[in-house]
Amino acid sequence: MIKLLASQLKLFLLALSFFTRIPSPIELDYKDLPRATVYLPVVGWVVGGICALSFYLANLLWSQESAVMLTIITGVLLTGALHEDGFADVCDGFGGGYGKQRILEIMKDSHIGVYGVVGLLCLLILKFSVLSALPLNLVPWAILAGHTISRLLTLFIMREFEYARTLDSKA
């Protein structure tokens with residue numbers, strides 16, 4: 001039982017250290033990352049909890065809009081902009097590509113294009129406007145739920161669909 005708990009803790013720490021900038025206190029084997037993805041919702045809960053706490057504390061000092069902006073910045077810094085980078089890649093790929101192969105090539109390119117920039121701006125403005133318009137007491141709960149549920153849905157997508165890229169993939 002203790003071995004099982006220790007192995008699950010390692011998987012959680014692996015997911016946490018890979019999907020955030022939070023360092024692991026122990027050395028981890030990144031070959032186990034596919035098994036660690038089961039902890040994505042828990043990672044979302046941690047990230048959402050930290051972001052919700054940052055909102056709560058910032059709102060004690062500043063307006064709701066300023067607190068929302070600082071919360072968005074906290075989330076970006078905490079995750080290393082991993083999700084924003086992926087979203088920009090998708091915007092660039094589908095905005096500038098025709099056909100599966102070209103879309104995948106564009107998405108793999110490390111440079112950001114116009115579609116990626118515009119997509120990111122729209123995404124960040126949307127997050128800001130939605131969280132700023134919510135009643136103050138619901139904002140931390142929306143942040144926590146958003147970070148957690150979005151990562152849970154990722155597990156369903158990973159289970160139901162095949163990877164688009166079959167060659168030269170980290171998947």
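Separation of atoms CG (Leu78) and NE2 (His147) is listed at 8.0 Å; rounding is to 0.5 Å. To the nearest 0.5 angstrom, Leu16 atom CG is 4.5 Å from Ile22 atom CD1. Here the CG-NZ distance, from Leu5 to Lys10, works out to 13.5 Å after rounding to the nearest 0.5 Å. Here the straight-line distance linking atom CD1 of Ile106 with atom OH of Tyr98 works out to 9.5 Å at 0.5 Å rounding. Here CG of Leu28 is found 9.0 Å from CG of Leu11. Values are rounded to the nearest 0.5 Å. Residue Tyr56 holds its OH atom at 10.0 Å from CG of Leu136, rounded to the nearest 0.5 Å.
Listed for the Ser132 side chain is no donor-acceptor partner under 3.5 Å among the backbone atoms of Ser129. Distance alone, capped at 3.5 Å, is enough to place a donor-acceptor pair between the Gln64 side chain and the Leu134 backbone. Side chain of Thr37 to backbone of Pro34: a donor-acceptor contact under 3.5 angstrom is found. A donor-acceptor pair under 3.5 Å is formed between the side chain of Asp92 and the backbone N or O of Gly113.
The minimum heavy-atom distance linking Phe128 with Met69 is given by the pair CD1-SD, 4.1 Å. The two residues Phe19 and Leu33 come nearest to each other via the heavy atoms CE1-CD1, 4.3 Å. Residue Gly48 comes nearest to Leu144 through the heavy atom pair C-CD1, 3.7 Å, listed as atom of the first residue, atom of the second, then distance. Closest non-hydrogen pair, Asp89 versus Asp109, comes out as OD1-O, 4.0 Å. Nearest heavy-atom pair across Ala15 and Ala36 is CB-O, 3.5 Å. Annotation for Pro41 and Val38: closest pair CD-O, 3.5 Å, computed over non-hydrogen atoms.
Using a 3.5 Å distance cut-off with no hydrogens or angles, the side chains of Ser63 and Ser66 do pair a donor with an acceptor.
Between Val118 and Cys91 there is no side-chain heavy-atom pair separated by less than 4.5 Å. Between Leu13 and Ile26, some side-chain heavy-atom pair lies under the 4.5 Å cut-off.
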Working for side chain to side chain contact (heavy atoms under 4.5 Å, CB included), residues Arg151 and Val47
CA-CA 11 Å; Arg151 286 160 177 87; Val47 171; 4.3 Å; yes
Start with the C-alpha distance between Asn59 and Val139, add both sets of side-chain angles, then the distance that settles side chain to side chain contact (heavy atoms under 4.5 Å, CB included), and finish with yes or no.
CA-CA 11 Å; Asn59 195 59; Val139 175; over 6 Å; no
Please assess Leu155 against Arg159 for the test side chain to side chain contact (heavy atoms under 4.5 Å, CB included), listing each intermediate value before the final yes or no.
CA-CA 6 Å; Leu155 292 179; Arg159 192 181 100 204; over 6 Å; no
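Leu77 and Leu131 fall within the same hydrophobic cluster, defined by Ile, Leu, Val, Met, Phe, Trp and Tyr side-chain heavy atoms under 4.5 Å apart, directly or through other members. Linking Ile, Leu, Val, Met, Phe, Trp and Tyr residues whenever their side-chain heavy atoms come within less than 4.5 Å leaves Trp141 and Ile143 in two separate clusters. In the hydrophobic clustering of ILVMFWY residues, with side-chain heavy atoms under 4.5 Å counting as a link, Val90 and Val114 come out apart. Note: the hydrophobic cluster containing Phe18 also contains Val46 (ILVMFWY, side chain heavy atoms under 4.5 Å, direct or indirect links). Note on Leu138 and Val68: separate hydrophobic clusters, where clusters join Ile, Leu, Val, Met, Phe, Trp and Tyr whose side-chain heavy atoms are under 4.5 Å apart, directly or indirectly.
Annotation: salt bridge (charged side-chain N to carboxylate O under 4.0 Å, His left out) contacts involving residues 68-85, sequence neighbours excluded, comprise Glu84-Lys127. Applying the salt bridge (charged side-chain N to carboxylate O under 4.0 Å, His left out) definition to pairs two or more places apart or across chains, none involves residues 38-47.
Using a 30° and 60° split on the angle between ring planes, Phe12 and Tyr39 fall in the perpendicular class, above 60°.
Other residues, nucleotides and ligands place more than 12 heavy atoms under 6.0 Å from the OH atom of Tyr30.
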